[in-house]
Amino acid sequence: MKINVNELNNYLDQEITFSGFVDAIRDKKWVMFVILRDNTGKVQMTIEKSDENNQKLLDIMTNLTVESTVKVTGKLVSNEAVKLGGIEIIPSTIEVTSMAQPLPFDFNNLDGVLIDTRLDYRWLDLRNEKNMLARQIESTMVQAMREFLYNNNFTEIHTPKLIGTASESGSSVFELKYFDRKAYLAQSPQFYKQMAMAAGMNRIFEVAPCFRAENSNTNRHATEFTSFDLEFSYIDSYEDVMSLEEDLLIAGLTKVKELYGDKIKEVFNKEVIIPTKPFPKMRLKDLYQELHERYNFDIPEHDIGDMNAEAEKLTYKLALEKYNSEFMFIVDYAATKRPFYHMRDENGVLQGYDLIWRGTEITSGSQREHRFDELAKNAKEKGLGKDVEFYLQFFKYGCPPHGGFAIGVDRLTMLLLGLTIKETQFLFRGPNRLEP
Ligand code: ATP
């Protein structure tokens, strides 16, 4: 197994083999310093020019470009004068494992480099320390959330992304040729999560792509994104769903703060704040009133019963000012603005919510309608016919009361680190971007 930079201290005064990128070559009069790098850090390799045996190594390095990769064998020694961790590798052999051509831009200094140029060469862009760190932080957040669910008896499932009908909600679906018929890319695993409830699986989750044919160019929408989706049974109300989401986010953020809190402050200038339960909650009607009174904001006519980007931003401001919280649940959306599978109470009030964090929606959740007759009625009201017939069948043979939510993973990372979605996704997918 390759030894990583952050493990080198275990090998002091030993003969080691180290592989990595050539980060920098500093050719001085008496000595050549080569900085080697992997995704865990940097280490110095020192080649003395006065030693005749080193001529071959010097020749190799003189002809090498930065960002080439090498496999170095040598002795790891301590040297207090070395700024990089007080250690250095004194090489005996250097093997060039790949030679780098001149780079299209300096990934260490991305100021002024267009985001589209960065995305064209995303594998170079990702070499930037900040981007490398963002990937590790996202992985930690998702791992901690997964672990929380495993510890709470959730089962991870994998639902199909190829689907036969263009269903569900207003968001547009991608259509594709499927042999001699049409198929679609799933915009969410919603129907299949609920099928798992009808199957009696009790508690499930999935972390998987969702596809949305939305021709929008915002800093928070992608045409393909990763959704952290879950669904669980035997709930009493959507309050149970909100409570689980609070615990889940607290678990994720606690782990991230523990492992990366200081680094996030240093590199991204963002504080990781662990929220406390319960997160503040507001009814949409009351929110409208507060936003009007405090900020003179009125929701445009066509968005009444729902939120828009501006309202989300101001909701964050309000949450901070009124509750000293970065999070806020919004409830009592208009049923006309929400999917038909969200439950409504006897007064028609929607049993669902959105969660706003740092000015952007990160989640929609609800208690679902599990009663066949009610669900069929709601679907019909929305004008959904044949497309949801297969889904309605799930509720015919007994199905426990249940609820769930979906958190956009890309949005979580983006808001955690103060980035845009293009900078955040491993590879952004948008209306004008399908490559690389
Ligand atoms: P928005 O109103 O922001 O477009 P939405 O209401 O369409 O989002 P949902 O269908 O409720 O979103 O999806 C659940 C979650 O998935 C959202 O809260 C968000 O975190 C994430 N999400 C939805 N659409 C996108 C997208 N196009 N790109 C990235 N993340 C998304």
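Read the numbers this way: they start at 1 and go in the same order the structure lists the ligands and their atoms. Values below: all heavy atoms of this structure, side chains included; hydrogens, waters and symmetry mates excluded.
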| query | Judged by non-hydrogen atoms, does D410 sit under 4.0 Å from ligand 1? | reply | no
| remark: Filtering R338, K337, E214, R411 for the heavy atom nearest atom 3 (O) of ligand 1 leaves R411
| Counting N and O atoms only, with roles assigned by atom type, does the side chain of Q351 sit under 3.5 Å from a partner on the main chain of V349, one being a donor and the other an acceptor? | yes
| request: May I ask you to decide if the ring planes of Y121 and F105 are parallel, tilted or perpendicular, using 30° and 60° as cut-offs? | output: perpendicular
| query | Which of the atoms of ligand 1 are close to R220, meaning less than 4.0 Å from one of its heavy atoms? | reply | 28 (N), 29 (C)
| For the residue pair F191 and F340, does the interplanar ring angle fall in the parallel (under 30°), tilted (30 to 60°) or perpendicular (over 60°) class? | perpendicular
| task | With atom 24 (N) of ligand 1 as the reference point, say which of F225, F211, W357 has the nearest heavy atom. | result | F225
| message | Counting only nitrogen or oxygen atoms and a 3.5 angstrom limit, does A222 reach ligand 1? | response | yes
| query | Does F279 have its ring centroid less than 6.0 Å away from the ring centroid of Y353? | reply | no
| Hey, what's the ring geometry for F390 with F394, parallel, tilted or perpendicular (30° and 60° as the breaks)? | perpendicular
| query | Any idea which atoms of ligand 1 are less than 4.0 Å away from a heavy-atom of H221? | reply | 1 (P), 3 (O), 4 (O), 26 (C), 27 (N), 28 (N)
| remark: Within 4.0 Å of some non-hydrogen atom of T363, the atoms of ligand 1 are 18 (O)
| query | Considering only heavy atoms of I421, which atoms of ligand 1 have at least one such atom less than 4.0 Å away? | reply | 29 (C)
| Does any N or O atom in R212 lie less than 3.5 angstrom from one in ligand 1, N or O only? | yes
| request: With heavy atoms only and a cut-off of under 4.0 Å, state how T360 meets ligand 1: side chain, backbone, both or neither. | output: neither
| field | Any E88 side-chain heavy atom under 4.5 Å of M45 side chain | value | no
| field | Nearest-0.5 Å distance, OG1 of residue T73 to CZ of residue F18 | value | 12.0 Å
| field | Heteroatom distance test (G408, ligand 1): nitrogen or oxygen, under 3.5 angstrom | value | yes
| said: Between R433 and E435, does any NZ, NE, NH1 or NH2 come within less than 4.0 Å of an OD or OE carboxylate oxygen? | reply: no
